[in-house]
Amino acid sequence: MGAALKRAITQHGTKLIVSDPRNIDVVRFADVWLRSQPGTDVIWINTLAHIILRDGLHNQEYIDERTENFTAYSQSLAKFTPEYAEKKCGIPVAELEKAAHLYAKGRSAILYCMGITQHVSGTDNVKALANLAMLCGNIGIQGGGLNPLRGQNNVQGACDMGALPTTYPAYGKVIDESVRARFEAAWDVKLSESNGMTSRQMFDAVDAGTLNALYLIGENPVVSHADSAHAVHCLEKIPFLVVQDIFLTETAKLADVVLPAACFAEKNGTFTNTERRVQRVRKAVTAPQGARDDAQIVCDIAAKMGTELIQDNGENAAAVFDEMVSVTPSYGGLTYSRIDETGIQWPCPDTESKGTPILHAEKFVCGKGKFHEVDFVAPAEEADEEYPLILTTGRVLYQYHTGTMTRKSTGLYAKAPAAYLEISRNDAAAYNVNDGDRVKVSSRRGAIEVSVQLSEKAVDGTVFIPFHFAEAAANVLTNSAACPESGIAEVKVCAVTIEPVGD
Amino acid sequence: MTHITPTKLEAMRKEYAARLTQPHIRHLFICGGTGCHATGSLKVKDALHEEIAKHGLEEKVRVVETGCNGFCALGPLMVVHPDNVFYQKMTVDDVAEIVSEHLVHEKPVERLMYKDPQSKKRVPLFSDIPFFALQKPWTLRNKGIINPESIEDYIGREGYMGLSKVLLEMEPSQIIDEMKASGIRGRGGAGFPTGMKWSFAAQNDSDIKYVLCNADEGDPGAFMDRSILEADPHAVLEGMTIAARAINATEGYIYCRSEYPLAIKRVQIAIDQARSLGLLGENIMGTGFSFDISIYQGAGAFVCGEETALMRSIEGKRGMPIPRPPFPAAQGLWKKPTILNNVETLANVGQIMLNGGKWYSSVGTENSKGTKVFALSGDVNNIGLVEVPMGTSLRSIVYDIGGGIPKKRKLKAVQLGGPSGGCIPEDHMDVVVDYEEIAKVGAIMGSGGVIVMDDKTCMVDMARFFLEFIQEESCGKCTPCREGTRRQLEILERICEGHGKPEDITLIEELSEMITASALCGLGQTASNPVLSVLRHFRNEFEAHIFDKKCPAKRCPALVEFKVIDERCKKCGKCAAVCPVGAVEWQKKEVAKINTEACVQCMSCYSACPFDAID
Amino acid sequence: MSTLELTINGKGYAFTQGETILDVACRNDIVIPTLCHLKNTTPTGACRMCVVEVKGARSLVASCTVPASAGMEVQTESPSVVKSRKMNLELLLSSGSHDCLLCPASGDCRLQDLAFKYNATGKRFERTKPKYSPDVSNPFLIRDFSKCILCGRCVQACKDVQVNNAIDYGYRGSDAKIIAKCDLPLGDSDCVFCGECLQVCPVGALTLKKARQKPRICETEAVRTTCAYCGVGCQMNLHVKDNVVQMVTGADAVPNHGSLCVKGRFGMQFINSPERLTTPLIRKDGELVPAEWDEALGLVAEKLGTYKAENGADSIGVLASARCTNEENYLFQKFARAVIGTNNVDHCARY
Amino acid sequence: MSCCSEEISQEMWSEVDSVIERHRETPGALITVLREAQDVVGWFPQALIEYIAKGMNIPASDVFGVVSFYSLFSLTPKGRNSIKVCTGTACYVKGAREVIGRISGEYGIAEGETTEDRRFDLEGVRCVGACGLAPAMVINGDVHGDVTADSVLKILEKYS
């Protein structure tokens with residue numbers, strides 16, 4: 001993905017605008033780097049729109065034909081002047097104007113990751129970006145669009161399959177009677193009528209004493225959740241915790257029952273990638289003696305509870321797939337043989353369909369694209385005297401998520417063995433720390449010890465810690481304040497302070 | 001800016017002519033080329049100024065530092081105009097005499113005049129010196145006459161009039177037609193018709209096109225381009241601008257070796273001057289045509305003479321050739337249509353436009369038109385720059401212009417075309433200067449280096465020398481050139497060291513065939529030419545090295561055993577005096593004797609013996 | 001427009017404007033050997049192995065760069081072509097140390113294949129001593145310059161495919177070498193170890209670290225699957241022998257067209273990690289102790305059943321996994337909804 | 001990093017900065033930058049290559065590739081006086097090999113090497129275009145013609 005992006009830039013003259021509080025590697029390839037103060041994304045995004053409108057670079061025809069609520073939206077942009085943005089985000093006016101003009105000039109795509117969503121304003125950020133894209137007619141065309149990059153292999157698939165508290169497979173709402181009726185018929189069972197809890201709400205419910213049992217599969221919230229002390233507290237408190245995983249993770253250690261599972265190389269099935277492409281996963285080796293397929297485990301539990309979850313006890317992935325697509329309209333036309341060589345991008349409703357590389361091509365799925373007025377909401381926590389530095393978290397190339405898999409590779413381990421605090425030269429000098437020094441990083445929620453890495457990637461006032469490492473889990477520090485709509489915690493902004501640790 | 005007009009150019013020309021023909025005024029054209037600088041011409045020039053002032057002659061004598069005069073071996077040198085007197089090898093100490101005798105007393109100083117190597121007589125008049133008399137200076141028409149740092153001088157010699165004509169009277173297609181009519185072919189060596197090259201680039205539409213001048217004169221033994229740039233830089237600028245007009249280019253680069261600081265300096269001065277007169281830059285001569293030129297200095301890589309490598313180098317990359325197609329006429333520098341011409345080619349363009357293609361093609365052979373500049377060097381009496389009409393024989397160049405071989409030695413071969421060329425033996429000396437004729441005897445026209453080699457030269461060693469050159473300069477990209485020439489060199493080294501094997505000749509030939517047929521660029525494809533030409537004309541020398549373990553020319557130390565030829569020895573003892581290891585036994589009035597055990601084959605005695613008594 | 005046609009080895013083939021001779025040949029299953037040609041990049045024309053004879057041409061031409069033209073008559077294995085290729089191979093084989101016996105790439109080496117095909121050895125020349133010692137500085141791969149044929153595929157892979165720009169040609173002529181940063185070991189360079197270079201190396205110059213005494217790639221069985229790391233969904237081949245994933249290569253398909261990142265290529269050790277869980281554990285007296293499957297599953301079923309019955313289905317939550325397959329997630333949510341009877345199902349999309 | 005290299009003084013770094021500044025926006029200016037930077041520093045320590053790479057936003061491997069490709073650029077420190085003996089054909093025919101041999105013998109340096117006291121470095125270079133003066137030698141930019149194995153040492157004495 002990154003390579004394709006860089007190829008476009010170096011070989012096809014594509015222009016790149018990067019917005020990141022850090023001077024990340026890809027900035028080298030950028031024409032404009034918008035270095036924003038963490039948590040102020042809505043401002044610069046709206047400002048780009050402001051400039052585009054001001055200079056008449058928007059696509060009026062597209063707006064008239066395919067969108068609604070434009071007038072209210074355009075009025076809401078009035079206050080987002082470049083000068084305001086420069087003051088609030090710290091991005092020079094000239095850079096904003098350059099970026100706005102670049103973006104509006106032709107087909108332009110927006111790619112984003114957690115830096116946009118992991119904020120209290122996460123949903124607002126996404127909406128603001130969607131507004132921007134619609135403003136220039138950049139949705140529904142090749143080389144345009146709004147492209148969230150999924151951090152994990154099958155986030156898309158898990159969502160598609162309804163592993164969400166509010167939707168069934170293919171996003172039918174659980175509170176929608178007709179949808180529910182369809183699933184009740186298909187599964188021959190009466191289904192709950194109310195929305196369920198998000199994972200965060202579940203943790204809170206544990207604390208409140210209303211959730212008694214948690215069956216947790218292949219996750220490691222002890223390391224990955226914001227404000228992990230709180231997560232640990234909940235997991236310790238819950239009366240019955242089942243963890244199903246391939247390793248004894250930090251989370252599994254807290255479980256009442258641990259169930260050893262098979263990994264991706266040991267089973268058949270499908271993953272759906274970030275571009276909605278459904279692809280095959282094939283069994284290459286047999287699982288270690290004693291570990292079992294996840295499907296088989298859950299079927300066995302169901303069986304012991306007196307229900308046949310699926311025929312053959314889930315042993316035949318193809319059979320599961322068949323039932324799955326039968327209730328998932330967007331996957332309706334998929335079969336293992338059709339996706340054997342190259343996967344297919346859903347929606348693919350029937351066997352005639354070749355899939356859909358571009359969504360919203362002719363018109364928006366929901367009719368007209370709606371402009372949402374979005375206002376700026378400050379991060380839940382800002383730097384202050386006590387905690388004067390802003391901490392942002394993220395990944396390093398050589399590690400994956402909580403490191404349970406990657407840290408088993410000696411090579412990867414050697415390249416990135418431990419957490420570190422990335423800090424600018426100036427900040428390091430101000431705190432009197434040097435490259436390699438051990439420091440204690442504290443926030444209102446906790447403290448960890450890491451070593452200092454002076455880096456040209458860091459910008460004054462903002463520090464960074466990768467979150468992969470359980471021994472110095474960045475999420476001990478992060479804030480669990482979350483976006484009210486998506487429920488995603490603001491792990492990208494919290495206030496911290498550092499102090500050197502004596503030997 | 002007010003634009004310069006044809007009328008103004010003509011006025012400047014007349015002014016210059018009047019200046020040269022002013023009565024009672026002398027012009028001293030002192031050579032300021034690299035060669036003469038090295039031998040102290042600047043000091044001589046300063047001394048002249050001083051001495052002239054001392055005699056109060058400032059109003060009557062003008063000292064002009066010109067570019068390379070061409071007779072490089074005789075520097076510092078000077079031509080006195082209008083007296084038509086040529087002085088050579090002047091020193092600061094000679095200046096007083098020249099001024100007082102010649103300039104004051106009108107008595108030219110005979111001892112500083114040119115001495116004919118054969119007749120040993122002084123030649124008083126510049127135009128009678130065969131070296132100059134037999135040349136046809138078209139490309140070098142301004143050498144030794146104008147101050148290269150003066151655009152007025154250049155315009156005085158019809159400079160920029162070709163450009164003026166092109167811009168005001170001709171369509172781009174007519175320019176190309178004239179170039180085609182002139183029959184001029186690329187002087188860089190390959191001899192591709194220049195008009196054709198331009199027409200290809202003209203056909204390709206693009207907002208940006210480039211005109212490049214190849215001044216990366218890399219062939220060892222070639223210095224024509226350096227001399228032209230030093231002596232007449234505006235001619236190159238004018239040629240490039242006309243080329244730009246022909247293909248509708250907007251930007252030009254002169255890719256010059258950084259080893260040529262004087263040339264770079266003078267070209268930069270010329271560019272600045274041309275810009276200031278509106279002959280370069282925006283809206284040239286008010287015609288709406290814009291073109292500008294910058295100098296790009298190379299960084300020392302022979303392969304950058306290859307056009308695709310040169311373009312990569314201008315792009316700031318490693319100078320590694322890339323495959324063609326796409327040809328530069330379609331995708332050259334920065335992937336835009338580009339033409340690349342050699343300095344010498346471009347220097348002719350202004351005159352071709354002014355006088356017409358027909359004029360140019362009136363001289364030469366059927367397929368090779370006009371004149372060619374050669375850099376004559378090596379074992380020849382008159383070393384320097386010579387320009388002759390196509391069709392002149394090599395013999396005439398070496399003997400008539402070059403004055404023959406020094407020290408009464410015999411001509412063995414002439415090396416033409418540098419590392420891509422070949423050695424032409426004495427019995428083919430009647431071959432004439434013509435792209436095809438020269439190719440027939442196993443060499444190439446090349447950029448114009450002519451290295452004369454006498455009978456002391458070992459041809460196997462020469463083949464080794466050129467391969468060593470290629471091996472060091474190979475970019476390393478393609479296998480045949482990188483690995484193949486290395487093997488050829490290895491084999492030749494082995495032969496020169498006396499370890500040649502009978503199968504080596506076949507192996508070299510097989511390698512040559514493969515490298516020539518499959519190397520990526522011209523450098524590799526022609527890399528075997530020197531060794532093949534030596535094999536063709538001097539196979540016996542190879543065989544002597546391999547089978548008899550002898551180096552007939554006594555150049556390969558491992559294969560030489562020196563001994564004194566008693567009957568020739570005049571018992572002078574010079575050989576014993578120079579021997580660094582005491583291997584020569586000599587006593588007064590005795591014939592010398594060489595102790596072969598102690599001899600280290602350094603050749604000192606061999607070179608020192610005035611009587612050729614050591615063999 | 002009349003169709004464009006050229007002949008190869010006497011037989012006519014149609015082509016479209018812009019195709020090279022090699023393109024046309026490949027499309028028609030005519031084998032022209034190459035060493036430096038790398039799909040999806042601009043041909044460099046470096047190795048000169050793909051030379052063919054074209055009637056009327058002054059010399060042999062490199063089929064990878066010369067466009068097909070109408071009426072062209074091409075011979076792909078004429079005596080002069082074969083002679084040139086054989087000499088080319090002899091030159092390569094004699095330069096450096098191409099010892100197939102101990103080379104991890106043996107069996108997966110184009111130089112070896114071509115040497116066999118054209119009956120070439122390096123024996124006519126003295127073997128040149130390797131100029132540069134191997135780089136073993138990093139945990140992933142070994143660069144053995146004595147086996148490098150300077151085809152430049154790794155440079156193209158790094159610059160044109162991955163755009164990591166970590167390596168380039170350095171020096172020149174017979175000193176030429178593929179260098180990283182200022183001719184430093186890879187581990188000290190800008191290399192991010194995507195391993196693209198390793199994958200495209202046609203010889204044994206780039207090999208997996210500690211490859212010896214392990215199965216060679218030709219001894220393994222390749223299983224195509226989808227990478228389990230990030231959301232790009234790269235297609236990869238797991239090379240399996242003895243029920244162990246021995247190495248990983250990128251599969252030439254969308255979305256990654258053969259490329260992988262460092263995790264995909266070198267991060268599969270976890271599969272065979274001794275730390276893998278192999279038995280269910282049940283907490284007894286505060287300690288997790290091994291248990292039989294039946295006991296563990298029974299306990300889970302019993303507990304979940306009890307909470308459901310006593311506190312209602314919504315007192316139970318299921319956290320499914322973005323790491324698991326669609327099929328499994330389908331089952332997890334169906335389990336939550338249809339078996340437990342709650343919509344309390346979520347996964348880690350938010351982290 | 002710029003402060004930590006022994007070979008390069010603070011003034012040199014600031015001159016290098018201005019070289020980069022001057023050419024940063026010009027496409028293809030790398031070779032020009034390298035030439036000017038070498039004029040400042042004399043050769044290319046690793047720190048300088050990395051610094052230029054960063055300043056010009058060109059991968060360090062590419063910069064090193066260019067530096068090591070062109071013979072003008074040096075990866076080792078040079079002597080105070082650079083001796084360049086022309087090894088073009090005309091000079092070769094007229095004894096350049098012997099001239100180099102004599103210098104090597106006298107100062108104990110082979111082609112491409114620098115004397116221990118850094119007084120001289122010796123290079124055999126491609127034709128300097130002064131074939132009329134063969135064999136020719138260039139010391140610190142001054143061309144010396146008709147050099148012989150005997151006269152060369154006398155010429156060198158003048159350079160300390």
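Below, each value reflects all heavy atoms present in this structure, side chains not excepted, and no hydrogens, waters or symmetry copies. Naming: A, B, ... by sequence-line order, numbering from 1 per chain.
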Measuring heavy-atom distances to chain C, does [X] have an atom under 4.5 Å in its side chain, in its backbone, in both, or in neither?
X: A:P221; answer: neither
X: A:T210; answer: backbone
X: A:T286; answer: both
X: A:V243; answer: neither
X: A:E323; answer: both
X: A:I9; answer: neither
X: A:T328; answer: neither
X: A:F183; answer: neither
X: A:R407; answer: neither
X: A:A252; answer: backbone
X: A:A414; answer: side chain

Within the 4.5 Å heavy-atom criterion, are [X] and [Y] side-chain neighbours or not?
X: C:N344; Y: A:L211; result: yes
X: C:D346; Y: A:M202; result: yes
X: A:Y215; Y: C:V300; result: no
X: C:N272; Y: A:V285; result: no
X: C:K263; Y: A:L397; result: yes
X: C:R337; Y: A:V174; result: yes

Measuring from atom [atom1] of [X] to atom [atom2] of [Y], what distance do you get when rounded to the nearest 0.5 angstrom?
X: C:I282; Y: A:L259; atom1: CD1; atom2: CG; value: 8.5 Å
X: C:S321; Y: A:N220; atom1: OG; atom2: CG; value: 11.0 Å
X: C:R265; Y: A:L412; atom1: CZ; atom2: CG; value: 12.5 Å
X: C:H347; Y: A:I217; atom1: NE2; atom2: CD1; value: 12.0 Å
X: A:F264; Y: C:C227; atom1: CZ; atom2: SG; value: 6.0 Å
X: A:Y331; Y: C:N326; atom1: OH; atom2: CG; value: 4.5 Å

For the candidates [options], which exhibits the highest count of non-hydrogen atom pairs separated by less than 4.5 Å from chain A?
options: C:V262, C:T342, C:T279; value: C:V262
options: C:Q269, C:E310, C:E327, C:Q333; value: C:E327
options: C:N329, C:V240, C:N243; value: C:N243
options: C:L304, C:D314, C:L297, C:N311; value: C:L297
options: C:A222, C:C230, C:G233; value: C:C230

May I ask you to decide if [Y]'s main-chain N or O and [X]'s side chain share a donor-acceptor pair within less than 3.5 Å?
X: A:R7; Y: C:V161; result: yes
X: A:D256; Y: C:R283; result: no
X: A:R277; Y: C:V232; result: no
X: A:Q156; Y: C:G231; result: no
X: C:N343; Y: A:N195; result: no
X: A:N154; Y: C:C324; result: yes

Contacts of type side-chain contact (heavy atoms from CB on, under 4.5 Å), residue A:C299, not counting sequence neighbours |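 Listed in chain order: A:L309, A:I310, A:N313, C:L331.
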
For [X], is it the side chain, the backbone, both or neither that has a heavy atom under 4.5 Å from a heavy atom of chain A?
X: C:V345; answer: both
X: C:N165; answer: side chain
X: C:C191; answer: backbone

Near C:D252 CG, under 6.0 Å, is it more than 12 heavy atoms from other residues, nucleotides or ligands?
->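 Check passes, neighbour count above 12.
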
Does CD in C:E221 sit with more than 12 non-hydrogen atoms of other residues, nucleotides or ligands closer than 6.0 Å?
->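 Counting other residues, nucleotides and ligands, CD of C:E221 stays at 12 neighbours or fewer.
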
Residue among [options] with most heavy-atom pairs under 4.5 Å to chain C:
options: A:A295, A:G306, A:C483, A:A303; answer: A:A295
options: A:D300, A:V257, A:V189, A:V327; answer: A:V257
options: A:G343, A:P260, A:A482, A:G196; answer: A:P260

Between A:Y400 and C:Y229, how do the two ring planes meet: parallel, tilted or perpendicular, split at 30° and 60°?
->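 Taking C:Y229 first and then A:Y400, their aromatic rings stand perpendicular (interplane angle over 60°).
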
A:K6-C:N164 side chain donor-acceptor pair, cut-off 3.5 Å |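 Yes - a donor-acceptor pair under 3.5 Å links their side chains.
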
Are A:K267 and C:E328 ion-paired here, with the side-chain N under 4.0 Å from a carboxylate O?
->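 Salt bridge between A:K267 and C:E328, a charged N being under 4.0 Å from a carboxylate O: yes.
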
Looking at C:W293, is A:R292 sitting on its ring face, NZ or CZ under 6.0 Å from the six-membered ring centre and within 45 degrees of the normal?
->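 Flagged: A:R292 positioned over aromatic ring of C:W293.
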
With C:Q235 as reference, evaluate A:E341, A:R280, A:Q279 under the side chain to side chain donor-acceptor pair (under 3.5 Å) test and give the passing residue.
->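 The residue from A:E341, A:R280, A:Q279 that satisfies side chain to side chain donor-acceptor pair (under 3.5 Å) with C:Q235 turns out to be A:Q279.
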
